[in-house]
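See below for the structure under consideration.
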Amino acid sequence: MESTELSELLAIRRQKLDAIRAAGVDPFGRGYETDGTIAEVRAKFSEGAALRAAGRITAHRDMGKSQFLDLSDATGRIQIFLHAKEIGEEAFAVFKNLDIGDFIGVEGEGFVTRTGENTIRVKSFTVLAKSLKPLPDKWHGVQDTEIKYRQRYLDLISNGDSREVFLKRIRIVREIRRFLEDRGFIEVETPMMQTIAGGAAAEPFKTHHNALGLDLYLRIAPELYLKRLLVGGFPKIFELNRNFRNEGISRRHNPEFTMLEAYWAFADFEKMADLVEEMICHLAETVCGGMKIEHKDADGNVTKTIDLTRPWKRARYADLIRGVIPDWYDLTPQLRRQRCAELGLDVSQCVADYEVTQHVFEKLVEEKTMDPLFVTHCPKELVPLAKQNAEDPSVVDVYELVINGQEISPGYSELNDPIVQRQRLEEQSGGEVQKLDNDFLEALEHGMPPAGGIGIGIDRLVMMLTGAESIRDVLFFPHMKPR
RNA sequence: GGGUUGGUAGCUCAAUGGUAGAGCAGUGCCCUUUUAAGGCAUUGGUUCUGGGUUCGAGUCCCAGCCAACCCA
């Protein structure tokens with residue numbers, strides 16, 4: 001939909017582009033030697049030091065003969081000073097055709113302005129990229145959520161808060177890898193295209209391999225392949241990458257999302273809970289600067305504070321249910337549904353009895369739990385891949401970690417009995433034999449060590465640690481309907 | 001899938017059914033240390049799309065598209 005007539009704003013930028021070319025300057029430059037990122041240049045700054053920097057012009061303060069500009073990248077901004085006497089009349093004429101948004105490289109020397117700001121006095125500059133479209137409002141940045149999500153680069157250029165969230169996400173992911181590697185876990189990669197989408201209960205995306213004439217699924221979880229690696233003798237492994245689920249999009253759901261799964265041979269769910277507790281506290285310490293995480297609204301008012309101070313609470317699923325409805329387990333299934341209706345809980349979608357209980361759990365426990373809580377001894381129907389409890393076979397040896405009203409991480413004592421595992425998977429698949437991963441079951445028959453396993457939804461973890469209210473705010477490019 | 005709210009200049013936002021406006025950005029002029037620079041002047045609109053009601057629609061009604069929030 002390129003209109004033949006450019007708006008005045010765009011036409012002027014094209015004219016400047018032509019003017020730069022007419023002056024014999026390439027408006028789209030090539031490589032440029034710098035003293036590093038803007039942050040690195042700032043670190044090297046000293047008065048009189050020779051400095052080279054490159055970045056985008058994000059502000060322009062025109063004093064006539066003196067020109068002050070901000071040069072920025074995602075690492076920071078630095079002020080530069082241009083004067084016709086320093087760069088020559090010819091270059092100054094080229095400079096007149098630059099705009100906010102353009103990339104330039106500069107060389108000069110450091111000096112401190114009267115107001116005390118470290119600044120580069122430019123001796124010469126090079127045009128590196130002319131921008132043909134204007135940037136958003138310099139003060140308000142991008143407010144329109146649609147632009148923020150569809151044109152994330154504009155959000156990143158103009159909104160410092162957004163940039164900070166993504167930099168935090170990057171540090172969190174790096175620290176998770178460092179934390180696990182420091183403890184002897186190794187990162188592995190397993191298939192994202194699978195013939196059977198196993199390891200979780202979710203609708204998969206379907207694709208097709210032409211040469212093999214084979215339907216494939218994008219993975220909904222890496223679990224069954226990671227367990228094959230336990231069988232193969234790797235005792236401490238993790239995978240931190242994308243999963244895909246063909247389900248609704250919401251504040252908490254994106255069709256592709258990042259998941260950490262880690263397996264530790266000869267450990268159990270309690271040991272995994274310790275590991276996760278230690279890891280998330282390590283992240284809060286190193287990335288957020290403390291155990292109290294404040295969530296704020298648009299005006300900057302604190303809406304809630306999540307306290308990650310150890311030790312974290314641990315409680316049994318059934319005890320938590322009794323905590324909100326004391327006589328729950330004395331009621332008949334019919335009376336339970338009736339009680340739900342009285343409490344305003346809609347359980348009409350729930351078929352099985354355990355689903356009714358789970359609905360109560362989600363609404364009355366999970367959504368109201370802000371500080372960390374390990375929920376243990378969950379009903380076995382909810383978790384087909386975990387070991388049954390030795391004393392009570394109706395529950396499994398798992399934890400579900402709830403923080404910020406959301407399930408952040410499940411951890412299991414993994415089921416390693418191939419016969420029981422086959423039964424559970426058969427029950428889960430509801431008799432659809434083709435959905436049964438026989439290759440995985442065969443691997444188990446060769447013997448899988450008892451192991452602890454965890455999963456952590458990285459996007460939700462980042463939301464919790466950064467105070468983001470929507471998953472879209474922690475994904476560079478959340479899924480949107482095409483315009 | 002259902003409900004609510006929204007979509008106006010490049011951006012941020014105004015505008016009882018009665019001449020579509022401001023700030024920033026842009027353009028021109030002034031200014032040799034500014035930093036949301038300042039001063040003076042000024043350009044810029046298919047009001048998301050398509051219908052309808054009306055003497056008259058950015059505004060009311062219907063349908064659609066996109067988004068945000070809530071519910072399922």
Side-chain angles (χ1 to χ4, degrees), chain A residues 1 3-17 19 47 56-72 76-87 92 96-102 108-122 130-160 203 247-254 297-298 303 340 344-351 355 359 362-363 367 405 468-473 478-483:
Chain A
M1 58 162 261
S3 67
T4 48
E5 229 171 282
L6 294 174
S7 76
E8 189 193 359
L9 224 51
L10 302 186
I12 289 169
R13 293 222 172 192
R14 294 294 178 106
Q15 285 162 18
K16 290 178 174 176
L17 180 76
E47 241 174 314
R56 188 191 290 276
I57 299 170
T58 50
H60 179 202
R61 293 174 289 281
D62 180 357
M63 302 288 298
K65 294 206 168 70
S66 292
Q67 304 282 329
F68 291 88
L69 298 96
D70 287 349
L71 218 54
S72 304
R77 59 160 279 277
I78 191 165
Q79 177 168 267
I80 64 171
F81 171 81
L82 269 110
H83 195 285
K85 269 189 193 157
E86 301 276 354
I87 61 174
F92 200 75
K96 285 286 190 189
N97 288 304
L98 294 183
D99 285 299
I100 290 174
D102 295 352
E109 64 172 35
F111 83 106
V112 180
T113 64
R114 202 164 58 188
T115 49
E117 176 149 359
N118 291 353
T119 303
I120 300 175
R121 187 193 310 276
V122 176
K130 183 88 191 95
S131 66
L132 300 178
K133 291 195 157 195
L135 289 181
D137 191 285
K138 67 174 175 183
W139 186 241
H140 301 94
V142 180
Q143 294 302 316
D144 187 320
T145 49
E146 215 172 328
I147 299 176
K148 276 167 75 86
Y149 299 151
R150 288 190 197 275
Q151 297 174 274
R152 179 67 84 185
Y153 46 91
L154 294 178
D155 182 39
L156 292 170
I157 292 165
S158 61
N159 296 6
E203 190 64 28
E247 291 166 358
I249 293 176
S250 79
R251 202 162 62 80
R252 298 174 179 188
H253 296 88
N254 196 62
D297 63 17
T303 50
C340 283
L345 299 175
D346 178 15
V347 292
S348 56
Q349 302 295 315
C350 302
V351 182
E355 291 175 314
H359 193 78
E362 284 171 5
K363 291 289 162 192
E367 286 186 10
E469 295 303 326
S470 168
I471 195 169
R472 294 184 185 94
D473 294 327
H479 276 279
M480 306 282 281
K481 272 198 195 180
R483 255 191 307 209

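Order of the sequence lines fixes the chain letters, A, B, ..., with proteins taken first and strands second; residue numbering starts at 1 for each chain. No experiment lies behind these values; they were computed from the predicted model shown.
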- Query: Say you draw a straight line from CZ of Arg152(A) to CD1 of Ile157(A); how long is it, rounded to the nearest 0.5 Å?
  - Reply: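 One finds 12.5 Å between CZ of Arg152(A) and CD1 of Ile157(A).
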For atom [atom1] of [X] and atom [atom2] of [N], their distance in whole Å:
| X | N | atom1 | atom2 | result |
| --- | --- | --- | --- | --- |
| Arg114(A) | C31(B) | CZ | C1' | 13 Å |
| Asn97(A) | U27(B) | CG | P | 9 Å |
| Asp346(A) | C71(B) | CG | P | 12 Å |
| Ile147(A) | C48(B) | CD1 | C1' | 13 Å |
| Met63(A) | G39(B) | CE | P | 13 Å |
| Gln151(A) | C66(B) | CD | P | 17 Å |
| Ile249(A) | A72(B) | CD1 | P | 19 Å |
| Lys481(A) | C65(B) | NZ | C1' | 8 Å |

Would you state whether a donor and an acceptor, one from the side chain of [X] and one from the base of [N], lie under 3.5 Å apart?
| X | N | answer |
| --- | --- | --- |
| Arg61(A) | U34(B) | yes |
| Asp137(A) | G23(B) | yes |
| Glu8(A) | U27(B) | no |
| Ser66(A) | U33(B) | no |

Please determine, for [N], whether a Watson-Crick or G-U wobble partner exists with both distances under 3.5 Å, and give it or none.
| N | value |
| --- | --- |
| C40(B) | G28(B) |
| G6(B) | C66(B) |
| U46(B) | none |
| G17(B) | none |

- Message: Considering every strand and a 4.0 Å limit on heavy-atom distances, what is the contact class for Gln143(A): base, sugar-phosphate, or nothing?
- Response: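 Sugar-phosphate: the residue Gln143(A), judged by heavy atoms under 4.0 Å, touches backbone atoms but no base.
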- Message: Applying a 4.0 Å non-hydrogen cut-off, can you work out what Arg13(A) is touching in the nucleic acid: base, sugar-phosphate, or nothing?
- Response: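 Here Arg13(A) touches no strand at all.
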Between [options], which nucleotide has the shortest distance from any of its atoms to the side chain of [X]?
| X | options | answer |
| --- | --- | --- |
| Ile12(A) | A67(B), A72(B), G26(B) | G26(B) |
| Phe68(A) | C66(B), U34(B), C24(B) | U34(B) |
| Glu146(A) | A67(B), G10(B), U27(B) | A67(B) |
| Ile100(A) | A72(B), A25(B), U32(B) | A25(B) |

- Between C29(B) and C65(B) - P atom distance, rounded Å: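 One P to the other, the span is 50 Å.
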- Arg77(A) and Glu117(A): salt bridge (Lys or Arg N to Asp or Glu O under 4.0 Å), yes or no, with the steps? CA-CA 12 Å; Arg77(A) 59 160 279 277; Glu117(A) 176 149 359; 2.7 Å; yes
- Message: Applying salt bridge (Lys or Arg N to Asp or Glu O under 4.0 Å) to Asp473(A) and Lys148(A), what does each step give before you reach the verdict?
- Response: CA-CA 9 Å; Asp473(A) 294 327; Lys148(A) 276 167 75 86; 5.5 Å; no
